[in-house]
Amino acid sequence: MKAPIDWALARRMSAGIASLEAPGRGPATLPIDADWMRETSREVEPLVVAATGLEPRRELPGGELISRAEWIDVALVSLKDATALVEEGLAETSVGETSGGPGFLRPVVGAVAAAEIAAALGLIARKVLGQYDIALVGPERPPRLLYVEPNLLGSISELGFERAHFLRWVALHEVTHAVQFSSVPWLREHLSQMVSELIAGTSRHVGGEGGASVLSKLASAPRETARAALRGELVNALAGPENAALLDPIQATMAVVEGHAEWTMDVADEQGEFASLREGLESRRDRGGLAANVLRLLGFEQKLRQYRLGRAFCLAVVDHAGPDALRAVWDRPENLPTLTELEAPRDWCDRVVGVGSGA
């Protein structure tokens, strides 16, 4: 039975969107040496270990330079795994039989879902600098440490960054993620369990009356539904209100994972050399433009806010209770902050490390 999401269409569309913007030309955009990038990734690992106090339990993957199209392929593998249960729910629904049956509806569903996925992946593929790729659902696969070469070169050219300096800074962030997941044995399993639970709940919603409502709208007003998809509303509709609470702990965990990486970059920057790099990237993000506006519509602005919140949480915990207190985040799943505690780090300190919130 044909999957309701047209993955081939999503890939073609996202690759087309990603290729609309290319890095500038000049000395700053000469190809990055792959061996140098792998060696730089290895060189920053001791800095990350010293800053975080986390000790990897296995060898970290070597850094790889990839293209935007290759990044899209990696992202699609994760998306296919993550949406397998949702696709199953859509494929089994009998909604739309009076209008031609499921066979009539599935091409519409597939095209709309492909458009939303393509809009997100295509735009992200033009901006993402690096990624620690690890399977959270579906079959396990070896983790990969990835750097998107055209985006690195584009940032160097556009913002005038010193080449080696900037690449080392990006490597610090991605290697921190590799250290996190290789040092904390429960982290991947914990995230996987939460994501799988959300997917299962979404599948049940899609296979029931909630899915019937969404598919009915697709059949009666596909253009309106497509516009809603590009605003990120289709995903919320498919998940359903009963699964909204499952998103909170996932978002809080990811905020800590990302915020901790940002904090680690600051700690490893003993000479204060990287502050201008962060300011430059934040300035480019805040300037907006078409890509930034569409990403906001797709809900990524909220994710960016949470990552900033995660960094602020780490800074506040260390300032209030010291770096050992922050390391307690990784002791067990119960120590992870809630979304509420991310905005009240002293409450987290009181709960987890016994440091009160007094003056």
Approximate separation, where rounding is to 0.5 Å, of I17 CD1 and R68 CZ: 12.0 Å

Within-4.5 Å side-chain heavy-atom neighbours: L129 and L152: yes

Closest heavy-atom pair and its distance - A328, V353: CB-CG1, 3.8 Å

Euclidean distance, R12 CZ relative to I72 CD1, rounded to 0.5 Å: 13.0 Å

Distance, nearest 0.5 Å, that separates CD1 of I66 from CG of N151: 9.5 Å

W330 versus H260, closest heavy-atom pair with distance: NE1-NE2, 3.5 Å

Sub-4.5 Å side-chain heavy-atom contact between L54 and V49: no

Over 12 non-hydrogen atoms of neighbours within 6.0 angstrom of CD in E189: no

Within the 6.0 Å centroid threshold, strictly below: F313 and W348: yes

Residue that, paired with L172, satisfies side-chain contact (heavy atoms from CB on, under 4.5 Å) out of M265, E45, E262: M265

Minimal non-hydrogen separation, G310 against L342, with atom names: CA-CD2, 4.4 Å

Which residues share a side chain to side chain donor-acceptor pair (under 3.5 Å) with R144, sequence neighbours left out: E64

Non-hydrogen side-chain atoms of L121 and W71 separated by less than 4.5 Å: yes

Minimum side-chain heavy-atom gap P185-R57 below 4.5 Å: yes

N/O donor-acceptor pair under 3.5 Å between S157 side chain and L153 backbone: no

Partners meeting side chain to side chain donor-acceptor pair (under 3.5 Å) with E70 (sequence neighbours left out): S67

Residue E59 excluded, over 12 heavy atoms near CD under 6.0 Å: no

Show me the donor-acceptor pairs, under 3.5 Å and distance only, between side chains in residues 34-44 and residues at least two apart or in other chains.
unit_1 : atom_1 : unit_2 : atom_2 : d
D35    : OD1    : R38    : NH2    : 2.0
E39    : OE1    : R42    : NE     : 3.3
E39    : OE1    : R42    : NH2    : 2.6
T40    : OG1    : W36    : O      : 2.9
S41    : OG     : M37    : O      : 3.0
S41    : OG     : Y147   : OH     : 2.8

Side-chain heavy-atom pair F181, L191 within 4.5 angstrom cut-off: yes

Check: L136 main-chain N/O paired with R188 side-chain donor or acceptor under 3.5 Å: no

Geometric class of the H177/H173 ring pair [parallel <30°, tilted 30-60°, perpendicular >60°]: perpendicular

Distance (rounded to the nearest 0.5 Å) between R11 CZ and D6 CG: 13.0 Å

Interatomic spacing from CG in L339 to CG in L309 - rounded to 0.5 Å: 8.0 Å

Main-chain N/O of A178 paired to S182 side chain as donor or acceptor, under 3.5 Å: yes

Any side-chain heavy-atom pair of V184 and H190 under 4.5 Å: no

Non-hydrogen atoms of D81 and R141 that approach each other most closely: OD2-NH1, 3.6 Å

Heavy-atom check, side chain of D248 versus side chain of T338, under 4.5 Å: no

Heavy-atom side-chain proximity of K80 to V77 below 4.5 angstrom: no

Atom of A261, atom of Q180 and distance for their closest heavy-atom approach: N-NE2, 3.9 Å

D347 CG to T340 OG1 distance, which is reported to the nearest 0.5 Å: 9.0 Å

Heavy-atom pair of closest approach, residues D133 and S78: OD1-OG, 3.8 Å

Same cluster (ILVMFWY, side-chain, under 4.5 Å), V170 and V267: yes

